[in-house]
Protein chains: 2
Amino acid sequence: MGELIGKKTTFSELQCSKNLAATEDALYVVGGKWTLRVMIALLSGHTRFNDLQRTIKGISARVLSGELKDLEINDLLKRVVDPNQKPVAVEYIPTEYSQSLKDIISALADWGLKHKKKITTHE
Amino acid sequence: MGELIGKKTTFSELQCSKNLAATEDALYVVGGKWTLRVMIALLSGHTRFNDLQRTIKGISARVLSGELKDLEINDLLKRVVDPNQKPVAVEYIPTEYSQSLKDIISALADWGLKHKKKITTHE
DNA sequence: ATTAGTAGTAAACAAAAGGTTAGTAGTAAT
DNA sequence: ATTACTACTAACCTTTTGTTTACTACTAAT
């Protein structure tokens, strides 16, 4: 193992495998390229298909469609159809459970902000 | 926008674009399939190439090599060579800056743990 | 009548990511 | 002398991911 310089370890050996296993589980659900982007848009009140596609820059209908299906399977959103609306309206509503993603999103957003500052000021 | 059911928004419209932009920046650096797994292993004291490959199940030498290069470019690790060791020893040392990833990793690990409990007990 | 918007899906294709195999060059043990 | 370990890399191939185009079917506006 680390013989030379870095004796500092942020996680213990035991925590390493725990962390690896737990983040493995998290990344399996939420680690896809688009998953969190979709969830952020959903949690911000964008609930319609075309609205989501406009909000999430670069996503194609095919990929968005797939993401929404996976997210429903994982209980992160509910697909709700309103037949009363003129051309049948479909809404994708984030579930109560999806609120638990807030911590992950906040942590990522904070880090992204700090990182951008770092690379724009220093380098 | 969401006319029907879900009036609750976790993020405001303004926060949405901020979140999307900031997480975009974060995911660009840290959103790859292997990036966080490598960082967890590094932060746990695994600093040698083959040690890392053994610790991170499923990663190939080619991919690990690429990840390590990218991580060094992003100031998350330093490649240190010790020519005094028998077959020239190379160590990958996490930087001070890499400590800032702790929040992201913790948030993901926590969520992963909760999610696993959820799917094993409920469904 | 034509254009545009709703919410998608299927097929065909391109690009990105990753795996596998083999090989380098040096040391150290059996 | 052969095997094995270190730290990789190049070439080739497969898998995954994503894009594009076209199409459905219905509504509302111009």
Side-chain angles (χ1 to χ4, degrees), chain A residues 1-6 24 27-39 41-42 45-74 77-94, chain B residues 1-6 24 27-39 41-42 45-74 77-94:
Chain A
M1 288 151 222
E3 259 85 76
L4 270 95
I5 300 110
E24 210 78 42
L27 291 175
Y28 182 78
V29 177
V30 111
K33 183 175 176 184
W34 298 103
T35 318
L36 283 177
R37 295 170 226 246
V38 175
M39 284 311 306
L42 281 170
H46 300 272
T47 56
R48 306 288 294 267
F49 190 90
N50 286 347
D51 185 19
L52 287 165
Q53 202 184 349
R54 265 181 254 111
T55 305
I56 306 156
K57 303 258 167 76
I59 200 166
S60 67
R62 181 183 175 273
V63 168
L64 178 56
S65 174
E67 288 291 332
L68 292 171
K69 276 172 188 161
D70 288 348
L71 288 169
E72 190 172 23
I73 287 169
N74 287 312
L77 66 81
K78 201 98 206 146
R79 187 177 184 273
V80 180
V81 186
D82 183 3
N84 297 339
Q85 294 226 1
K86 9 242 160 150
V88 72
V90 180
E91 283 202 281
Y92 296 93
I93 312 293
Chain B
M1 287 149 225
E3 259 87 76
L4 270 95
I5 300 111
E24 211 78 43
L27 291 174
Y28 182 78
V29 177
V30 110
K33 184 175 174 184
W34 297 103
T35 317
L36 283 177
R37 294 170 226 248
V38 174
M39 284 312 306
L42 281 170
H46 300 271
T47 57
R48 305 289 295 269
F49 191 92
N50 285 346
D51 185 19
L52 287 164
Q53 204 186 348
R54 265 181 254 111
T55 305
I56 306 156
K57 304 257 166 77
I59 200 167
S60 67
R62 180 183 173 275
V63 170
L64 178 56
S65 175
E67 289 291 332
L68 293 171
K69 275 172 190 160
D70 288 349
L71 288 170
E72 190 173 21
I73 287 168
N74 287 311
L77 65 81
K78 201 99 207 145
R79 188 178 183 270
V80 180
V81 185
D82 184 3
N84 297 339
Q85 293 225 4
K86 11 245 164 145
V88 73
V90 180
E91 284 201 282
Y92 297 93
I93 313 293

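Proteins get letters first, then strands, A, B, ... in listed order; numbering begins at 1 in each.
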Take atom [atom1] of [X] and atom [atom2] of [N], then tell me their distance rounded to the nearest Å.
X       : N      : atom1 : atom2 : result
B:Asp51 : D:dA7  : CG    : P     : 9 Å
A:Arg48 : D:dT27 : CZ    : C1'   : 13 Å
B:Glu72 : D:dC8  : CD    : C1'   : 14 Å
A:Tyr28 : D:dT16 : OH    : P     : 12 Å
B:Asp82 : D:dT6  : CG    : P     : 16 Å
A:Asn84 : C:dT6  : CG    : C1'   : 16 Å
B:Leu77 : D:dA7  : CG    : P     : 14 Å
A:Gln53 : C:dT9  : CD    : C1'   : 13 Å

Sub-3.5 Å pairs of nitrogen or oxygen atoms, protein against nucleotides 25-30 of chain C:
none

Legend entry - Main-chain N/O of A:Glu72 paired to A:Arg79 side chain as donor or acceptor, under 3.5 Å: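 The answer is no, because no donor-acceptor pair under 3.5 Å joins these two groups.
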
Inset, instruction - State, yes or no, whether a side-chain contact exists between A:Ile59 and A:Val38 at a heavy-atom distance under 4.5 Å. - result: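 A side-chain contact exists here, since the closest heavy-atom pair is under 4.5 Å.
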
Legend entry - Side chains of A:Leu68 and A:Phe49 in contact at under 4.5 Å (non-hydrogen atoms):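 Side-chain contact under 4.5 Å: yes.
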
Once rounded to the nearest 0.5 Å, what's the spacing between atom [atom1] of [X] and atom [atom2] of [Y]?
X       : Y       : atom1 : atom2 : answer
B:Leu42 : B:Thr47 : CG    : OG1   : 8.0 Å
A:Thr55 : A:His46 : OG1   : NE2   : 4.0 Å
B:Glu91 : B:Leu52 : CD    : CG    : 10.0 Å

Inset, instruction - Would you indicate which nucleotide in D:dT9, D:dT6, D:dC8 comes nearest to any side-chain atom of B:Arg54? - result: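 Selected nucleotide (nearest to the side chain): D:dT6.
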
Inset, instruction - To the nearest 10°, let me know how far the axis at one end of the helix from C:dA1-D:dT30 to C:dT30-D:dA1 is tilted from the axis at the other, five pairs an end. - result: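 Helix axis angle between the two ends: 10°.
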
Inset, instruction - Heavy atoms only: give me the nearest A:Arg54-A:Lys57 pair and the separation to one decimal. - result: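 Scanning both residues, the minimum pair turns out to be O-CE, 4.2 Å.
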
Inset, instruction - Mind checking side-chain hydrogen bond (donor to acceptor under 3.5 Å, both in side chains) for B:Glu67 and listing every partner two or more places apart, or none if nothing turns up? - result: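 So B:Glu67 forms a side-chain hydrogen bond (donor to acceptor under 3.5 Å, both in side chains) with B:Thr35.
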
Inset, instruction - Determine, stepwise, if the pair A:Val81 / A:Val88 fulfils side-chain contact (heavy atoms from CB on, under 4.5 Å). - result: CA-CA 7 Å; A:Val81 186; A:Val88 72; 3.5 Å; yes

Inset, instruction - Check whether any side-chain N or O of B:Lys69 sits under 4.0 Å from OP1 or OP2 of D:dA7, and answer yes or no. - result: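 For B:Lys69, the contact criterion (side-chain N or O under 4.0 Å from OP1 or OP2 of D:dA7) is not met.
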
Legend entry - With sequence neighbours excluded, residues passing side chain to side chain contact (heavy atoms under 4.5 Å, CB included) with A:Arg62: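 For A:Arg62 the side chain to side chain contact (heavy atoms under 4.5 Å, CB included) partners, ignoring immediate neighbours, are A:Ser60.
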
Legend entry - Non-neighbouring partners of A:Leu27 that pass side chain to side chain contact (heavy atoms under 4.5 Å, CB included), sequence neighbours left out: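 Side chain to side chain contact (heavy atoms under 4.5 Å, CB included) list for A:Leu27, sorted by chain: B:Arg37, B:Leu108.
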
Using atom names, set out every protein N or O paired with an N or O of nucleotides 17-20 of chain D below 3.5 Å, distance rounded to 0.1 Å.
{"residue": "D:dG18", "atom": "OP1", "partner": "A:Trp34", "partner atom": "NE1", "Å": "3.0"}
{"residue": "D:dG18", "atom": "N7", "partner": "A:Arg62", "partner atom": "NH1", "Å": "2.8"}
{"residue": "D:dT19", "atom": "OP1", "partner": "A:Gly58", "partner atom": "O", "Å": "2.8"}
{"residue": "D:dT19", "atom": "OP2", "partner": "A:Ser60", "partner atom": "N", "Å": "3.4"}
{"residue": "D:dT19", "atom": "OP2", "partner": "A:Ser60", "partner atom": "OG", "Å": "2.9"}
{"residue": "D:dT19", "atom": "O4", "partner": "A:Arg62", "partner atom": "NE", "Å": "3.0"}

